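Here the structure is a predicted model, which means the values were calculated and not measured. Naming: A, B, ... by sequence-line order, numbering from 1 per chain.
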Amino acid sequence: MDKKIRLTFPDGSVREYNSGVTGSEIVEQLNRRLAKEATGIVVNGVLKSLPEHLTEDAEIRFVTFDDKEGRYVFWHSSAHLMAHAVKRLFPEAKLGIGPPIEDGFYYDIDLDRPITPEDFEAIEKEMAKIVDEDDPIVRKEMERDEALSFFKKIGEDLKIELIEELNEEISAYTQNDFTDLCRGPHLPSTGRIGKHFKLLNVAGAYWRGDEKNKMLQRLYATAYPKRKMLEEHLHRLEEAKKRDHRKLGRELDLFSIQENIGSGLILWHPKGGRIRRIMEQFNIEEHYKNGYELIYTPHIAKLELWKTSGHTGFYRENMFSPMQVDEVDYQLKPMNCPFHISIYQSSMRSYRDLPIRYFEMGTVYRYERSGVLHGLMRVRGFTQDDAHIFCTQDQLNDEIIRVLNFTLYILRTFGFSEFEIYLSTRPEKYVGTPENWDSATTALQNALDKSGLEYEIDPGEGVFYGPKIDIKIKDVIGRSWQCSTIQVDFNLPERFNVEFTGEDGQRHQPIMIHRALMGSLERFFGILIEHYGGAFPMWLAAVQAVIIPISERHHQYARILFDQMRQAGLRVEMDARNEKMGFKIREAEMQKIPYMLIIGDKEVEEQLISVRRKGEGDIGKLSLQQITERMKEEINAKK
RNA sequence: GCCCACGUAGCUCAGUAGGUAGAGCACAUCCUUGGUAAGGAUGAGGUCACCGGUUCAACCCCGGUCGUGGGCUCCA
């Protein structure tokens, strides 16, 4: 009855409480502000609801929306709130799962009638009503049979399916007329959620992510404890929309995708083409510096080649259909590797030749299901900065380190500084010997350790032919994109019987590394567009400066400047249109051109140039030589 | 591929109980020669994604196809 328990707080202090005290009670006494903000309590490392009773000595800490765990609770309860509202409006709706996600939460709902954005308001209204009711959210533990009969009674078939597979303790949370199967934890009452929520969109999602299952309607939404936070989040979404590479691609005339050409096939317009050329040139030069040889290979080859490589087996669903030429089947290439191997095999290789590093800007075609295509990010024809390294076992370690450093150098030059790195190890189905896998995995891991970079291990996530390192880059608004991949391959050397002559005069099989740094140029370009919001740094900008003569009598001088700057290798244009200066400046700003060079009477007379920097405004007068130098410095600094 | 939504001028979007369409920007011509984010006038521009059906009549209703978007799944 009067049992006391000792609770340890994060600052190390220890207090005594009556056994059975709840988190809510403790935090009420402790700190009124925290009491308002706390969404849950962590007891000995386990996240729990505030109203749960504590009966043992423990270390405790309260979590708020500022903590990951706190947000989890907040959004989880928000998901229940939304489901509750949906059930009130559509009692026949059946509930799937409704977890918190990165920026909010969703709930999968089985309902014959499609939910449309027009319904959002009604759902939000009902949610607000439930918040006003401030219904206590009560946990109840259930026996399996009890849970089954309860959810059967209320017709929640999908929940039944979940219960049948549950091994842990079964619990449900009830708020007023709504009960949901749930592990929890939750906020103490619906009023604690507040009204700063918003339904964002609705999309189809297969029950349990399996396309053989029924398609449910997934309602996405978000919620925040404060109005301002919700507004900021919505603002971020707006920002992301503004940066959308598909929108910018059109506005800046970089590329297009056209119906009569085909889905997932990119047309690079002149400005996009310029930027691509710069990306390629830089990339190729750096590859030469790093000991690679540039090669070119065809876009199609006999189907037989792809049988040898095994692609017709394990890669079949991603390949375009073969075409017949002179009664022989040919295949559009989905990868470059077999060609690189064929070049390797065009003559005898000695251990003295290794490592051999073949590099290609290889254009490949892959069949992607229509629903997954997305601007430049997911296409059916793309060009990879692809390379294959053939080396000995002894060289593997050094090669991986080289590749890793090279990758990071390239990515950093393009303006990315944050990375997420994953090491994927041997999956259940694999080729090669466990010993080879181990040594290759060790080599990858050693390289990562030496680099001093943080990385995560994805156990069993390797490709069947070898372990790999994937590098994701983070863009300015915090989204991550996978571009680079470094993969060890035990499969192809075996299939093609790739060999070299060793010191001992015997034939040996080299190890093969596949690697792409930017990955797909198309996708990398898309990421760059969004990363820079279309305002490319000088070294990448399609147009680095536009010359703006104020009136026709300045054209002659402007023309001379234009020619000279072009001669100096700068990407300059001249806006000789019959428009006012303000108009031309506005346009240049919107086109995100870094420099505007204004030429009027004063400039002609003084033989100077008025320089306006995008986003900054007038920065004064410079001579042709000064502005040329300034621009070149910026270009060389690649900033 | 699947679910939902969408497809009107180069772009952004109006539009009609079913009677072959409209704005702004962009474009062309003319006027204007203008100092740091939109000068003015006139004009041209559309098989209303495509194919079929219903109807006296379809951009609108119905079916199919293609494409786009949000997701599922997969991945560079």
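Within the nucleic acid shown, A:R369 comes within 4.0 Å of at least one base atom, counting heavy atoms only. Residue A:G582 is classed as a sugar-phosphate contact, given heavy-atom separations below 4.0 Å to backbone atoms only. Among the heavy atoms of the strands lying under 4.0 Å from A:E603 is at least one base atom, whether or not backbone atoms are also near. Residue A:R577 is in sugar-phosphate contact alone, with no base atom involved, counting any heavy-atom pair closer than 4.0 Å across all strands shown. Across all strands, A:E368 comes closer than 4.0 Å to base atoms (heavy-atom distances). In this structure, A:A203 reaches the bases: a heavy-atom distance under 4.0 Å links it to at least one base atom across the strands shown. Within 4.0 Å of A:F382, counting heavy atoms only, lies at least one base atom of the nucleic acid. Using a 4.0 Å heavy-atom criterion, one finds that A:Y367 contacts the sugar-phosphate atoms exclusively. Within 4.0 Å (heavy atoms only), A:S610 reaches at least one base atom of the nucleic acid. Nucleic acid contact class of A:N318 (heavy atoms, under 4.0 Å, all strands): none. Residue contacts shown for A:V379 include a base, since a base heavy atom lies under 4.0 Å away. Across all strands shown, A:F524 has no heavy atoms under 4.0 Å from either base or sugar-phosphate atoms. Among the heavy atoms of the strands lying under 4.0 Å from A:N201 are primed sugar atoms or P, OP1, OP2 only; no base atom is included.
For A:R515 and A:T407, the side-chain atoms include no donor-acceptor pair closer than 3.5 Å. The closest side-chain donor-acceptor pair between A:H269 and A:S256 falls under 3.5 angstrom. In this structure, a donor-acceptor pair under 3.5 Å is absent between the side chains of A:E530 and A:W481. Side-chain contact annotation: A:Y595 with A:R612, donor-acceptor N/O pair under 3.5 Å absent.
With hydrogens and angles disregarded, a donor-acceptor distance shorter than 3.5 Å links the side chain of A:K333 to the backbone of A:P298. At least one donor-acceptor pair under 3.5 Å links the side chain of A:E156 to the backbone N or O of A:L95.
For RNA chain B, the neighbouring residues in residues 259-284 of chain A, judged by any heavy atom under 4.0 Å, are A:E259, A:S263. Of the residues in residues 551-558 of chain A, A:S551, A:E552, A:R553 come within less than 4.0 Å of RNA chain B through at least one heavy atom, sorted by number.
Using Watson-Crick or G-U wobble geometry with both donor-acceptor distances under 3.5 Å, B:C2 finds its partner in B:G71. Across the strands present, B:G22 finds its partner in B:C13; the criterion is a Watson-Crick or G-U wobble pair with both atom distances under 3.5 angstrom. The partner of B:A37, taking Watson-Crick or G-U wobble pairs whose two distances both stay under 3.5 Å, does not exist in any strand shown. Base-pair partner of B:A28: B:U42 (Watson-Crick or G-U wobble, both distances under 3.5 Å). Across all strands shown, nothing is found opposite B:U54 as a Watson-Crick or G-U wobble partner with both distances under 3.5 Å. Remark: B:C66 base-pairs with B:G7; criterion is Watson-Crick or G-U wobble with both hydrogen-bond distances under 3.5 Å. When Watson-Crick and G-U wobble pairs are counted only if both distances are under 3.5 Å, B:A76 pairs with no nucleotide at all.
The line from CG of A:L540 to CZ of A:R276 is 14.5 Å long, rounded to the nearest 0.5 Å.
B:G18 and B:A58: their P atoms are spaced 13 Å apart (whole Å). Of the C1' atoms belonging to B:C66 and B:G52, the separation is 14 Å, rounded to the nearest Å. Separating the C1' atom of B:C61 from that of B:U54 is a span of 8 Å, rounded to the nearest Å. B:G24 and B:A41 have their P atoms separated by 11 Å, given to the nearest Å. A distance of about 32 Å separates the P atoms of B:C62 and B:U73, rounded to the whole Å. For the C1' atom pair drawn from B:G1 and B:U47, the interatomic distance equals 32 Å after rounding to whole Å. Straight-line distance between the P atoms of B:G70 and B:U65: roughly 22 Å, to the nearest whole Å. When the P atom is compared between B:A49 and B:C6, the two are found 14 Å apart, to the nearest whole Å.
Toward the 5′ end of RNA chain B lies the nearest nucleotide of A:P549, the other residue of the pair A:G519 and A:P549 mapping further downstream. For the pair A:R366 and A:K584, nearest-nucleotide mapping onto RNA chain B gives the more 5' position to A:K584.
Remark: A:Q281 CD is packed, more than 12 non-hydrogen atoms of other residues, nucleotides or ligands lying under 6.0 Å away. With a 6.0 Å radius and a threshold of 12 heavy atoms from other residues, nucleotides or ligands, A:R316 has its CZ atom at or below the threshold.
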Verify side-chain contact (heavy atoms from CB on, under 4.5 Å) between A:V543 and A:R274, making sure each step is shown before the conclusion. CA-CA 9 Å; A:V543 180; A:R274 281 189 185 176; 3.9 Å; yes
Any chance you could lay out the side-chain contact (heavy atoms from CB on, under 4.5 Å) test for A:L234 and A:L237, step after step, and finish with the verdict? CA-CA 5 Å; A:L234 296 177; A:L237 293 180; 4.2 Å; yes
side-chain contact (heavy atoms from CB on, under 4.5 Å) assessment of A:Y106 paired with A:I97: CA-CA 8 Å; A:Y106 67 80; A:I97 57 165; 4.0 Å; yes
Please lay out, stage by stage, how A:Y358 and A:F339 fare under the test ring-ring contact (aromatic ring centres under 6.0 Å, His included). CA-CA 10 Å; A:Y358 288 145; A:F339 297 100; over 10 Å; no
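Scanning both residues, A:E286 and A:Y409, for their nearest heavy atoms gives OE1-CE2, 3.2 Å.
On the nucleic acid side, RNA chain B has its first and last nucleotide under 4.0 Å of a heavy atom of chain A at B:G1 to B:A76, going 5' to 3'.
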